[in-house]
Amino acid sequence: MKRIPCMEAVVAVLESEGVDTVFGIPGAAILPFYAALRGSSIRHVTVRHEEGGTHAADGWARVTGNVGVCVGTSGPAGTNMITGLYTALADSIPIICVTGQAESAKLHQEAFQAVDIVEIARPVTKWAVQLKEPAQAPWVFREAFRIARSGRPGPVLIDLPLDVQRGTCRYDRDLDAPLPVEVPRPLPKPVRRAVDLLEGARRPIILAGGGVIIGEAAEELRALAEYLQVPVQVTLMGKGAFPEDHPLFAGMAGIQTQTRWGNAAFLESDLVLAVGARFGDRHTGDLDVYRRGRSFIHVDIEPTQLGRVFEPDLGIVGHARPALAALLDEARARGGPRAPGTWARKVAGLRRTLNRRDDFDDVPIKPPRVFREINDFFGRDTTFVTAIGLYQIWSGQFQATYLPRRYLVCGQAGPLGWEVPAAMGVKCAHPERQVVAVVGDYSFQFLMEEVAVAAQHRIPFVIIMINNEYLGLIRQAELPYGMNYAVDLHYGEGGIDHVKAMEAFGCPARRVELPGDLRDALAWASAESARERLPVLVEVMVEREANAAMGPALDAIKEYEPLPELISADWSD
Ligand SMILES: Cc1ncc(C[n+]2csc(CCOP(=O)(O)OP(=O)(O)O)c2C)c(N)n1
Ligand SMILES: [Mg+2]
């Protein structure tokens, strides 16, 4: 077998694993890898910060379902990747970070930019490993892809000392292929028990988490819900697992990203079938309220997730797709499809009556109005990207999503700045899709340097900024402390002029202050970004101290805006 530079074998593995784009920054300690990359079919996008590279790889992975790759040199490049690794671990996103490293013999000598990145990355990865032998190079990478994809997906870090990178190995790409990934099927007995419970419940709901999207199980979810006429809720990470205009859609329960009717429906339910959901604290709020009066079936691919937050009445280990399919098969074996009953009608009634207003005409603009315009203007196929802040909470409450992998949010870790690089990763994966990043003023400033990358590589997307010139979420969190401290970003005429900042990157931007101008601005940004092939910003100046509806428990959400008048409804048969 031919002997080749081991980094060429590694790049051949990347190609065969379906990687067409990598995000990174070269440095002296990773140049043998870059030398191999240069001769490959893979596109390298030079980011402006390694954290941006990890989030771009993460965005690419969230929409392709494949493993995203980020590359950097030794020392600070790897430490800059830690937030991205943590984000990917928290949200079960498969990415591989590749770091250069000083020569093996120098690692104990405080060499320039030699840091023990494997130890630093260990708690935020599924596997962190240093390559020791050139002969292992292709196999360590194959295993990294297998680990990143299997079970609950997640990140891997591979550290490459310079001397090992320079080595050779025997490798023939024609004799090699990706390693198989197991798709665990549920056992028949707990599936039968679950259907017993579903049939016995009077007011069941299915709770779809991010696992339904990652597991490509949206079709199976819909078929099961329709067959048994069980209303479906989604978590924030599950947004898109079920079309929000479906008659069985039951909204979102939660203490932040929730709908009023979602919480009401959840509190009325007597059984929750949770699939690929982890009972995150921003979803459950106070666990006594969350659990009281209902039983839980918890389906998860990762056995150690069962019982982690609270003990379910029934736990089922399995991949979301075969698990939902098995539940449907079992339901079918027991009888024909159900007709919509009182419970499904009641949920539909809650939806009509218990909502929130988004039709405000106020100046300054009230944030819900922005999301009304976003829902009206953008098509169902649009991919939205958002991170963390009040703007994310309004987005979760007001934005409608219809398809899987169209609503991307860094739900658990919530690193500010995630949107711009993640949107870039999405657009690299799907150049034909309309991509929209919804950002806060502060979050945008976190990694705004990545706009330069999109401008250089002509990666177009729309950025909609909800600008309150505040660390708004933290300002609201400070209310119970009676303070407004260290959160105000306002200075001069209106803080940073983001329009000018975008223009400095060579990108178009527009500022909107009146609600009536929103639609035009969105249409302009959408057309302009497609025409110029550039990121385009719409900066929306909103009411500075507007608050989002939140609370400590599902039954204790504080509303800050006037609610729609209650329409009386007759839910009876
Ligand atoms: C890296 C990081 N640092 C700090 C925080 C804490 N944090 C959460 S939201 C927020 C303020 C966000 O402000 P902005 O982006 O303007 O959104 P807003 O809440 O005003 O809508 C901060 C500081 C965080 N989530 N991530
Ligand atoms: Mg803000």
Side-chain angles (χ1 to χ4, degrees), residues 49-55 58 79-91 124 236 255-257 280-282 364-371 374 384-399 408-423 436-451 463-481 483-491 494-499 501 511-513 537-550 560-561:
H49 190 300
E50 288 85 359
E51 183 186 341
T54 56
H55 297 330
D58 173 335
T79 55
N80 277 346
M81 293 179 186
I82 295 300
T83 300
L85 289 166
Y86 161 44
T87 305
L89 185 76
D91 287 347
V124 289
L236 182 63
I255 56 169
Q256 293 191 339
T257 50
D281 49 355
R282 290 204 298 163
I365 297 172
K366 280 198 184 284
R369 173 68 188 263
V370 185
F371 293 98
I374 290 175
F384 288 96
V385 180
T386 194
I388 174 75
L390 282 180
Y391 65 97
Q392 177 224 42
I393 292 167
W394 284 308
S395 162
Q397 293 178 355
F398 289 97
Q399 258 186 272
L408 313 185
V409 54
C410 47
Q412 190 190 152
L416 288 169
W418 188 78
E419 304 96 342
V420 166
V436 178
V438 175
V439 306
D441 47 316
Y442 189 59
S443 186
F444 177 75
Q445 289 167 29
F446 242 75
L447 287 174
M448 67 190 281
E449 77 285 349
E450 302 305 328
V451 171
I463 306 170
I464 302 171
M465 178 187 293
I466 310 295
N467 187 356
N468 48 18
E469 298 168 86
Y470 257 124
L471 311 184
L473 180 59
I474 312 307
R475 181 197 53 72
Q476 183 170 341
E478 287 184 1
L479 293 176
Y481 296 82
M483 62 185 195
N484 182 315
Y485 177 60
V487 289
D488 193 345
L489 302 171
H490 181 84
Y491 61 91
I496 286 196
D497 183 338
H498 297 97
V499 171
R511 185 178 259 203
V512 177
E513 312 206 25
L537 170 75
V538 176
E539 177 184 29
V540 186
M541 305 307 290
V542 298
E543 182 185 320
R544 292 204 62 216
E545 299 202 359
N547 296 313
M550 288 184 225
Y560 292 88
E561 301 292 355

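Every heavy atom of this structure was used, including side-chain atoms; hydrogens, water molecules and symmetry mates were not. For ligands, and for the atoms within them, numbers begin at 1 and follow the listed sequence.
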Just heavy atoms, cut-off under 4.0 Å: does [X] contact ligand 1 by side chain, backbone, both, or neither?
X	answer
Y470	backbone
L489	neither
F446	side chain

Which atom names give the shortest non-hydrogen contact between Q392 and T257, and what distance separates them?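 Smallest heavy-atom distance, with atoms named: O-CG2, 3.9 Å.
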What are the two closest non-hydrogen atoms of T87 and C410, and how far apart are they?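 Closest heavy-atom pair between T87 and C410: CG2-CB, 3.8 Å.
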Mind checking the CG-CD1 spacing from L390 to I474? Nearest 0.5 Å is all I need.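 Spacing of CG (L390) from CD1 (I474) equals 8.5 Å.
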Working to the nearest 0.5 Å, report the span between CG of L489 and CG of D441.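 So the CG of L489 and the CG of D441 are separated by 5.5 Å.
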Going by the closest heavy atom to atom 9 (S) of ligand 1, which one wins out of N467, L473, V439, T83?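 It is L473 whose heavy atom sits nearest to atom 9 (S) of ligand 1.
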Out of L416, I466, D441, who gets a non-hydrogen atom closest to atom 23 (C) of ligand 1?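 That would be L416.
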Does the side chain of E545 pick up a donor-acceptor pair with the side chain of Y470 at under 3.5 Å?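 Per modelled atom types, E545 and Y470 side chains form a pair under 3.5 Å.
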The Mg ion (ligand 2) to D441: nearest N/O/S atom name: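 For D441, the N, O or S atom at the smallest distance from the Mg ion (ligand 2) is OD1.
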Which atoms of ligand 1 are found less than 4.0 Å from any heavy atom of [X]?
X	answer
G414	24 (C), 25 (N), 26 (N)
Y391	15 (O), 17 (O), 18 (P), 21 (O)
N468	18 (P), 20 (O), 21 (O)
G472	13 (O), 18 (P), 19 (O), 20 (O)
L390	18 (P), 19 (O), 21 (O)

Give a yes or no answer on whether the side chain of [X] reaches the backbone of [Y] with a donor-acceptor pair at less than 3.5 Å.
X	Y	answer
R544	D488	no
E450	H49	yes
Q476	A549	no

What protein heavy atom sits nearest [atom], and how far away is it?
atom	result
atom 14 (P) of ligand 1	Y442 CB, 3.5 Å
atom 10 (C) of ligand 1	I474 CG1, 3.7 Å
atom 15 (O) of ligand 1	S443 N, 2.8 Å

Could you check V436 against I374 for side-chain contact (heavy atoms from CB on, under 4.5 Å), going step by step and ending with a plain yes or no? CA-CA 10 Å; V436 178; I374 290 175; 5.8 Å; no
Exceeds 12 heavy-atom contacts within 6.0 angstrom, atom CG of N547: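 Yes, because the 6.0 Å sphere around CG of N547 holds more than 12 heavy atoms from other groups.
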Please determine if the Mg ion (ligand 2) has an N/O/S atom from Y391 lying under 2.8 Å away.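 Under 2.8 Å: Y391 has no N, O or S contact with the Mg ion (ligand 2).
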From the Mg ion (ligand 2) out to just under 2.8 Å, does an N/O/S atom of S443 turn up?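 Checking S443: none of its N, O or S atoms is under 2.8 Å.
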Nitrogen or oxygen of L471 less than 3.5 angstrom from that of ligand 1: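 Between L471 and ligand 1, no N or O pair is found under 3.5 Å apart.
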Can you classify the ring geometry of F398 versus F371 as parallel (below 30°), tilted (30 to 60°) or perpendicular (above 60°)?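 Aromatic pair F398/F371 classed parallel.
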